[in-house]
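Letters A, B, ... mirror the listed sequences (proteins, then strands); counts begin at 1. For clarity, every value in this text was computed on a predicted model and none was experimentally measured.
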2 protein chains.
Amino acid sequence: MESSDVNTEKRIMEAARVVFLRKGMEGSRMQEIADEAGINKALLHYYFRSKERLFEAIFRETLQQAVPDFTSILGEDIPIFRKIELFTERYNEMLRRNPLIPGFVIHELNRSPQRVAGMIKGSGINPAAFIRQILDEIDRGEVRPLNPLHLMVNMIALCVFPFVARPIMQHIFFDDDEAGYNEFISERNEEVASFINNSIRNR
Amino acid sequence: MESSDVNTEKRIMEAARVVFLRKGMEGSRMQEIADEAGINKALLHYYFRSKERLFEAIFRETLQQAVPDFTSILGEDIPIFRKIELFTERYNEMLRRNPLIPGFVIHELNRSPQRVAGMIKGSGINPAAFIRQILDEIDRGEVRPLNPLHLMVNMIALCVFPFVARPIMQHIFFDDDEAGYNEFISERNEEVASFINNSIRNR
DNA sequence: TCCATATTTTACCGAATTGTTTAACCAATT
DNA sequence: AATTGGTTAAACAATTCGGTAAAATATGGA
């Protein structure tokens with residue numbers, strides 16, 4: 001019994017994840033999630049009392065999955081230019097597996113900014129080490145003088161944006177050709193890293 | 001009669017804009033829009049037959065306001081590095097006045113990608129001229145060899161992202177200090193332009 | 001002043017949706 | 001066989017919300 005218990009909860013979570021990420025909290029219907037999970041609507045309320053709670057669970061899980069993935073690398077002991085390559089590579093990889101996360105988070109962020117922002121902060125993000133490294137490299141003359149915070153924002157922006165704006169870009173630039181867009185995305189792996197490194201390298 | 005007509009319609013549009021941009025189509029309530037406009041709910045339906053139509057009007061207006069503003073400059077006859085400065089400056093300016101537009105568009109884009117993307121394309125966006133200029137500059141040796149499409153995406157990403165992710169960044173990096181974040185945003189004007197130009201200049 | 005038209009209010013309807021309840025069912029455990 | 005707990009089905013309650021009808025009020029012109 002317990003095995004089916006665990007499986008069902010997992011199935012519900014997966015189904016809810018699919019629906020919520022695509023349609024957001026208000027846009028999603030409990031019935032739709034039940035259908036997606038192949039179960040009864042009453043069972044949703046049996047496992048997660050309310051839509052609110054189910055959503056909370058999904059949102060928390062999504063953040064915990066997404067944030068550490070790209071944060072961790074920033075604190076490791078790697079030469080700066082190589083670190084930036086690794087960061088964009090891993091971050092892009094994560095986004096390629098979960099392309100809907102950014103849009104999802106952003107939308108919920110508009111609904112209740114303080115709550116979401118708090119959850120993200122609690123997710124263990126720590127820019128301090130990276131900032132220190134950048135300042136060091138500037139001292140050593142490897143990196144041109146710049147504000148490390150802007151650099152961090154730039155790095156994230158360059159990775160995230162193509163996923164957030166995918167439908168526009170795919171339509172305007174690629175005439176709705178999905179394969180073409182995927183090709184474009186995989187090019188960005190290297191493109192973004194060299195774009196950043198070219199910009200910050202001192203000469 | 002006509003004077004109050006125009007004023008009321010305008011009031012409704014403004015109210016709907018505020019609510020829709022913050023909460024999206026499904027997240028918004030007609031009653032809330034009516035309250036915001038200081039009128040009765042029935043009057044909304046008198047001016048705009050349905051929620052759908054009202055939303056459509058707001059969305060169209062929003063796009064027409066946002067898109068040409070930053071597109072036009074890309075086609076003008078300006079030296080490339082200067083053009084990038086002007087682009088980031090104007091684009092940032094527009095976003096500073098309408099910080100909610102990117103998140104709004106992105107969310108609606110997820111709801112009905114083809115419809116929205118079509119509307120944007122119809123808004124008169126034309127990357128061809130800019131792409132040609134970049135290729136020319138590469139030929140002339142002013143710009144290092146790169147894919148102009150990636151450059152365009154990078155330019156937009158660097159401008160837009162801080163507005164989309166504002167609540168997170170303001171909380172994590174600035175401890176919810178609004179003034180601090182605004183300061184950061186205005187720094188980006190110059191920061192982004194030099195970040196790009198440093199990256200693409202040939203040496 | 002009085003009429004016609006535009007605008008506003010009030011009250012309400014119907015559909016959709018969340019959440020609950022109840023009874024039955026099934027499968028594994030004891 | 002009896003028990004237990006996950007599961008289903010169906011109906012229902014409660015609420016929210018978009019939309020409408022109709023009466024009331026204001027406004028400008030004859």
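- Set against C:dT18, D:dT7, D:dG18, the side chain of A:M30 has C:dT18 as its closest nucleotide.
- OP1 or OP2 of D:dT20 has not a single side-chain nitrogen or oxygen of B:H45 nearer than 4.0 Å.
- The side chain of A:Y46 approaches D:dG6 more closely than any other nucleotide in the set D:dG6, D:dA9, D:dT20.
- Residue A:N40 has a polar side-chain atom (N or O) positioned under 4.0 Å from OP1 or OP2 of D:dA9.
- If you check every strand for non-hydrogen atoms under 4.0 Å, A:L44 touches nothing.
- Taking the six-membered ring where the residue is Trp, the centroids of A:F104 and A:F59 are separated by under 6.0 Å.
- Contact detail for A:L146 and A:I138: the closest heavy-atom pair is O-CD1, 3.5 Å.
- Side-chain nitrogen and oxygen atoms of B:S50 include none within less than 4.0 Å of the OP1 or OP2 phosphate oxygen of D:dG18.
- Taking only side-chain nitrogens and oxygens, A:Y47 never comes nearer than 4.0 Å to OP1 or OP2 of D:dG6.
- The base of C:dG19 is not paired with the side chain of A:K51 by any donor and acceptor separated by under 3.5 Å.
- When the nearest nucleotides of DNA chain D are assigned to A:A42 and B:K41 by heavy-atom distance, the more 5′-ward of the two goes with A:A42.
- Here the straight-line distance linking atom CG of A:N154 with atom CZ of B:F195 works out to 4.5 Å at 0.5 Å rounding.
- For A:R29, a side-chain nitrogen or oxygen approaches OP1 or OP2 of C:dT18 to under 4.0 Å.
- Using a 4.0 Å cut-off between a side-chain N of Lys or Arg and a carboxylate O of Asp or Glu, B:E61 and B:R17 qualify as a salt bridge.
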